[in-house]
Amino acid sequence: MSVSGKSVIKRLDWFSVLLYIALVFIGWLNIYSATVTEDTANIFNFSALHGKQLSFIIASGIAIVLLLAIEANFYERFSGLLYLVSMVLLLGIYPFGKTINGATSWYNLGFFNLQPSELAKVATALALAKYLSDIRTDIKRPKDQLYALGILLIPVILIVPQPDPGSALVFFAMSFVIFREGLPLYYLGIATTLLVIFILTLIYGTLWVLIILALLLVLFLLLKKPSFKVPVIPLSFVFVATILFSFSVSFIYNSVFEQRHRDRFSLWLRLEKDPRKLNEILRTIGYNTYQSEKAIESGGFFGKGFLEGTRTKGNFVPEQHTDYIFSTVGEEWGFLGTSTVVILFTALLLRLVYLAERQKNPFSRMYGYGVISILLVHYFINIGMVIGILPTIGIPLPFFSYGGSGLLFFTALLFIFLKLDANRLKELF
């Protein structure tokens with residue numbers, strides 16, 4: 001039988017599908033372990049959290065069938081409309097949204113809490129790919145750069161006030177797609193420099209930043225070739241702008257950030273020197289991370305065994321079935337288990353990079369890199385947060401953490417791309 005006569009199922013990249021199934025299954029096992037009680041031990045108890053997650057998995061399976069049944073060009077053709085709908089849903093959160101844990105980020109549908117920011121990630125990845133793949137778009141032009149940035153900024157502006165800074169950060173990660181398609185790298189250099197200056201100012205203060213900049217400038221002048229003419233005006237502008245930004249850090253930190261955000265930065269960067277205040281932060285803002293680290297540490301190399309995690313069973317780690325699910329893996333499955341999860345995620349991301357690079361359709365390639373950037377930032381920040389090397393910002397682990405919206409839309413994000421890839425094979429024959 002020719003390839004053109006095969007069903008879309010046979011044209012799917014089954015390696016990616018199997019990695020997805022493995023991550024969802026392992027995630028569900030750990031949700032079961034983190035939430036099960038003597039009264040809810042039945043895996044088909046749909047009133048329990050693990051039972052609800054199982055229903056979300058079934059719903060995601062149905063969604064996969066529907067997504068694969070839709071013609072591939074539908075996603076490109078209607079990407080703008082889907083983006084518009086998702087923005088309207090984000091805007092509607094403010095008058096009609098449900099507040100959970102201090103964030104108004106959900107619609108209460110009765111049987112299901114819908115988080116529109118998850119839909120917005122899929123829609124934004126599609127809309128950005130559509131815009132960048134348009135033959136009239138030239139990412140070297142400032143106007144087109146602003147339009148592309150605007151596609152990312154609109155959902156950020158709507159999500160940050162919920163407040164949900166973690167989800168907002170994910171949209172900035174999609175700027176990787178723009179860089180992949182030719183955005184000058186000096187923009188990345190500027191953003192990285194500003195981040196470094198921000199952190200150095202918080203740790204050492206503006207005076208030390210000024211001293212470091214002066215030393216770097218002197219070093220540059222000493223090491224430059226005699227024939228090289230120093231661009232005095234641009235260099236002076238950069239130096240002054242950097243100092244002004246460093247002076248603004250204190251205002252941004254104290255006036256823009258909320259106290260809970262400042263506490264998380266203080267804990268992450270070890271800014272707080274007062275033992276009493278530091279202990280207070282550890283018992284409040286830093287409690288989850290501290291308990292998570294202890295749970296992972298107690299698992300050792302082989303782990304304590306499935307359903308044998310004492311810290312998991314003792315409910316030491318709050319939100320362990322959602323943002324901190326990785327700590328359950330560490331305690332019960334040990335280093336072997338956490339390594340397996342990291343390998344599975346890394347294998348999936350590398351496979352998606354391979355699939356994106358082989359796309360002939362620019363839209364499919366760019367959407368593929370949008371998928372990669374979203375999954376990567378979730379994966380990297382969530383695990384970094386759980387093991388204490390990054391501040392807590394409330395980002396779930398894809399395919400792993402409890403939640404219907406997360407699982408459903410991460411699944412959609414992935415399988416739309418797999419559909420586009422399967423369509424590429426169809427067009428070759």
Kindly say whether [Y] contributes a backbone atom to a donor-acceptor pair with the side chain of [X] at under 3.5 angstrom?
X	Y	answer
S246	T242	no
E331	R311	yes
D421	A356	no
S401	P396	no
H321	H50	no
Y367	K130	no
S60	F56	yes
D144	K140	no
E76	A72	no
S86	Y83	yes

Just how far is it from atom [atom1] of [X] to atom [atom2] of [Y], taken to the nearest 0.5 Å?
X	Y	atom1	atom2	value
L414	L352	CG	CG	6.0 Å
K360	R365	NZ	CZ	10.0 Å
S16	I21	OG	CD1	11.0 Å
I416	T411	CD1	OG1	10.5 Å
I31	T328	CD1	OG1	9.0 Å
L397	Y379	CG	OH	9.0 Å

Contact between [X] and [Y] at the side-chain level, heavy atoms closer than 4.5 Å - yes or no?
X	Y	answer
I159	F171	yes
L128	M366	no
P184	Q145	yes
L90	P155	yes

**OP:** For I296 and I387, run side-chain contact (heavy atoms from CB on, under 4.5 Å): C-alpha distance rounded to whole Å, both residues' side-chain angles, the deciding distance at 0.1 Å, then the answer.
**Re:** CA-CA 8 Å; I296 294 173; I387 63 178; 3.9 Å; yes

What class does the angle between the rings of [X] and [Y] fall in, given that below 30° is parallel, 30 to 60° is tilted and above 60° is perpendicular?
X	Y	answer
F74	F78	tilted
Y20	F399	perpendicular
F198	F245	tilted

Original post:
Who passes side-chain hydrogen bond (donor to acceptor under 3.5 Å, both in side chains) against Y75, sequence neighbours left out?
Top reply: none

Subject >> Residues L407, Q53; criterion side-chain contact (heavy atoms from CB on, under 4.5 Å); working and verdict >> reply: CA-CA 9 Å; L407 180 59; Q53 186 70 6; 3.8 Å; yes

Around atom [atom1] of [X], are there more than 12 heavy atoms from other residues, nucleotides or ligands closer than 6.0 Å?
X	atom1	answer
F46	CZ	yes
Y187	OH	yes
Y107	OH	yes
F96	CZ	no
Y94	OH	yes

For residues [X] and [Y], is any side-chain donor paired with an opposing acceptor at under 3.5 Å?
X	Y	result
S79	Y131	no
T312	E332	no
Y402	Q320	no
Y324	Q291	no

Original post:
I343: what forms a side-chain contact (heavy atoms from CB on, under 4.5 Å) with it, not counting sequence neighbours?
Top reply: none

Original post:
Hey, which of V371, I372, L152, L132 is the one that makes side-chain contact (heavy atoms from CB on, under 4.5 Å) with V177?
Top reply: L132

Original post:
What do the steps show when you test T104 against T99 for side-chain hydrogen bond (donor to acceptor under 3.5 Å, both in side chains), and what is the final call?
Top reply: CA-CA 4 Å; T104 307; T99 301; 2.7 Å; yes

**OP:** Can you see which heavy atom on F363 is nearest to which on L126, and at what distance?
**Re:** CE1-O, 3.5 Å

Original post:
What's the verdict on ring pair (Phe, Tyr, Trp, His ring centres under 6.0 Å) for F176 and Y369, showing C-alpha distance, side-chain angles and the deciding distance?
Top reply: CA-CA 8 Å; F176 169 71; Y369 273 106; 5.7 Å; yes

**OP:** Please determine if R136 and D134 form a salt bridge, counting it only when a charged side-chain N lies under 4.0 Å from a carboxylate O.
**Re:** yes

Original post:
Checking side-chain contact (heavy atoms from CB on, under 4.5 Å) for the pair W333/T340: CA distance, chi angles, key distance, verdict?
Top reply: CA-CA 10 Å; W333 303 93; T340 299; over 6 Å; no

**OP:** Dump the intermediate steps for side-chain contact (heavy atoms from CB on, under 4.5 Å) on V160 and V156, then the final yes or no.
**Re:** CA-CA 6 Å; V160 166; V156 169; 3.9 Å; yes

